[in-house]
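First up is the structure itself, then whatever we jot down about it.
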Protein chains: 2
Amino acid sequence: MEIDACPPATAANPFHQIPAGLLDGFVRHDLARGCLFAAPGDVRNQVLIIESGRLRVYLAGESRELSLSFLEPGDIYTTHTPTYVEAVSATTLWLMDTRAFARKLASDPSVTPVMMRVLGRLLANAVNLIEDLAFREVPARLARFLTGMAERRGRPLDGGIWLVPLDLGTEDIASLLGSTRQTVSSLLNQWERDGILQRQGRRVLYIHSLDSLRRLGAEA
Amino acid sequence: MEIDACPPATAANPFHQIPAGLLDGFVRHDLARGCLFAAPGDVRNQVLIIESGRLRVYLAGESRELSLSFLEPGDIYTTHTPTYVEAVSATTLWLMDTRAFARKLASDPSVTPVMMRVLGRLLANAVNLIEDLAFREVPARLARFLTGMAERRGRPLDGGIWLVPLDLGTEDIASLLGSTRQTVSSLLNQWERDGILQRQGRRVLYIHSLDSLRRLGAEA
DNA sequence: AACTGTCCGTCGGCTGGCCGACAGTTTGTC
DNA sequence: GACAAACTGTCGGCCAGCCGACGGACAGTT
């Protein structure tokens with residue numbers, strides 16, 4: 001699962017690496033934690049750039065939600081797509097109307113490659129998620145999610161053990177995988193019994209055999 | 001299902017409505033029927049414009065394939081995403097390297113909106129497909145696919161009946177929906193027995209009750 | 001300590017729909 | 001018009017995993 005739930009920590013805020021000219025015409029805006037910023041069906045289409053905080057992009061069905069990605073400082077997104085966007089923590093971002101942005105693109109071609117890269121990355125993420133949903137079963141998705149977390153966030157300890165901070169509840173993980181709390185719960189406990197991993201409290205995960213997880217993730 | 005398996009029918013080949021300047025720098029190329037044109041992991045990224053014929057864009061798992069879209073004359077695509085692209089029938093297309101195309105974009109800003117629209121449409125399709133896979137069951141997906149075809153391609157006849165050209169086999173439809181031939185076949189036949197629709201040969205579909213289909217598509 | 005809200009583990013039932021199999025039908029080709 | 005190749009309809013077996021239910025563990029709060 002290539003969901004970007006947990007990008008690598010960077011010392012500097014990547015927002016400040018954005019070329020100054022790009023922000024011309026954007027308006028600064030603050031969102032409180034928990035604020036729903038956009039929903040499918042909104043008339044206004046906007047381009048947004050995150051300065052600080054964290055946004056969650058997700059789809060909602062009858063009784064389930066599926067998270068597509070988490071936006072972090074420096075990320076650019078557009079509400080063109082019919083998704084919900086919600087502030088997971090207090091967030092500062094810069095906004096511009098899609099129409100106005102299109103005019104900006106026409107007048108300043110240097111913006112184009114940035115935009116292309118943004119769209120390309122969104123598209124690649126979406127395709128990866130489609131592959132997961134269409135071809136992989138829940139155990140494989142969970143295993144891939146965990147190995148991804150370990151690679152991005154984990155710290156290796158002695159004896160091939162990895163310490164992975166994990167500040168998501170069972171339900172949150174399930175929502176990232178397009179599965180349910182119960183299924184994820186029983187898989188995690190099964191693997192704990194198998195000695196593949198170990199949960200420590202609610203925020204920390206020890207992975208004893210990353211290889212086993214990789215094998216599980218490659219299956220099906 | 002908003003998959004663009006079937007863009008709006010136009011009397012003339014839509015390829016010839018493409019502004020002449022857009023093709024500058026592209027190279028004409030012919031593909032035989034069945035030819036695999038691109039696969040994930042290819043180093044070359046290309047932009048392609050279809051002149052005639054038909055291409056299928058798809059993902060492949062262990063033993064199943066999922067079609068993302070069928071490309072028809074006038075369509076533009078880019079192999080940026082890790083997908084397979086295959087000629088379903090003999091196809092003539094115009095190619096350009098992504099790098100070169102980026103330079104073209106920079107020098108001729110009028111191309112940008114076209115490209116943005118292409119990427120935006122791909123992204124919207126992908127998100128819709130994710131929603132379908134995550135939240136909707138096969139009957140709802142099929143119903144939405146059919147109503148989409150009717151809206152885009154269909155012609156209303158007398159008595160609320162719609163004539164919808166449909167040159168896809170059962171298997172093709174199933175692959176667009178992430179389902180199987182058997183399931184789609186039995187659903188279509190069930191609905192035919194219910195009087196909702198009627199298949200005429202392999203290329204034409206009559207929809208007697210678009211409302212029923214809409215209701216089926218809204219379910220789950 | 002009792003009360004309450006939130007989260008986790010586990011079980012059994014139920015079902016959507018995948019899969020294999022096979023027969024029947026249409027289409028294309030020589 | 002005959003033969004192959006490709007497509008379609010249908011059935012039954014089977015299983016991943018959703019869903020509801022319930023009890024236990026851990027906070028807080030009074």
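Chain letters run A, B, ... following the sequence lines, proteins first, then strands; residues in each count from 1.
Computed from coordinates, the A:L142 CG to D:dC18 P distance equals 12 Å when rounded to whole Å. Spacing between atom CG of B:L168 and atom C1' of D:dA6 amounts to 16 Å, rounded to whole angstrom units. We find that CG of A:N189 is positioned 17 Å from P of C:dC7, with the value rounded to whole Å. At whole-Å resolution of the value, CG in A:L133 and P in D:dG17 are 12 Å apart. D:dG9 atom P lies 13 Å from atom CD of B:E171, rounded to whole Å. The CZ atom of B:R199 sits 6 Å away from the P atom of D:dT8 (whole-angstrom rounding). In this structure, the CG atom of A:L66 is 12 Å from the P atom of D:dC18, given to the nearest Å. Across the protein-nucleic acid pair, A:Q198 atom CD and C:dG9 atom C1' stand 17 Å apart, rounded to whole Å.
The side chain of A:S186 contributes no N or O atom lying less than 4.0 Å from OP1 or OP2 of C:dG9.
Within the structure, the ring pair (Phe, Tyr, Trp, His ring centres under 6.0 Å) test picks out the following pairs touching residues 73-92 of chain A (sequence neighbours left out): A:Y58-A:Y84. Sorted pairs that involve residues 147-173 of chain A and meet ring pair (Phe, Tyr, Trp, His ring centres under 6.0 Å), not counting sequence neighbours, are lacking altogether.
Helix bend of the helix from C:dA1-D:dT30 to C:dC30-D:dG1: the angle between its two end axes, each built from five pairs, comes to 40° after rounding to 10°.
Counting only distance, with no hydrogens or angles, the side chain of B:T91 and the backbone of B:S89 share a donor-acceptor pair below 3.5 Å. At least one donor-acceptor pair under 3.5 Å links the side chain of A:T98 to the backbone N or O of A:N45. Listed for the A:D42 side chain is a donor-acceptor partner under 3.5 Å among the backbone atoms of A:A39. With A:D172 contributing its side chain and A:G169 its backbone, the two residues share a donor-acceptor pair below 3.5 Å. Distance alone, capped at 3.5 Å, is enough to place a donor-acceptor pair between the A:S186 side chain and the A:Q182 backbone.
Base contact: B:S185 has a heavy atom under 4.0 Å from a base atom.
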field: Nucleotide-resolved protein contact map, nucleotides 12-28 of chain C, B/S/- at heavy-atom distance under 4.0 Å
entry: -----SSBBB----SS-
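With sequence neighbours left out, the side chain to side chain donor-acceptor pair (under 3.5 Å) criterion links A:T92 to A:D30. Residues satisfying the salt bridge (Lys or Arg N to Asp or Glu O under 4.0 Å) test with A:R64, not counting sequence neighbours, are none.
Of the two residues near DNA chain D, B:R33 and B:Q190, the one whose nearest nucleotide lies more 5' is B:R33.
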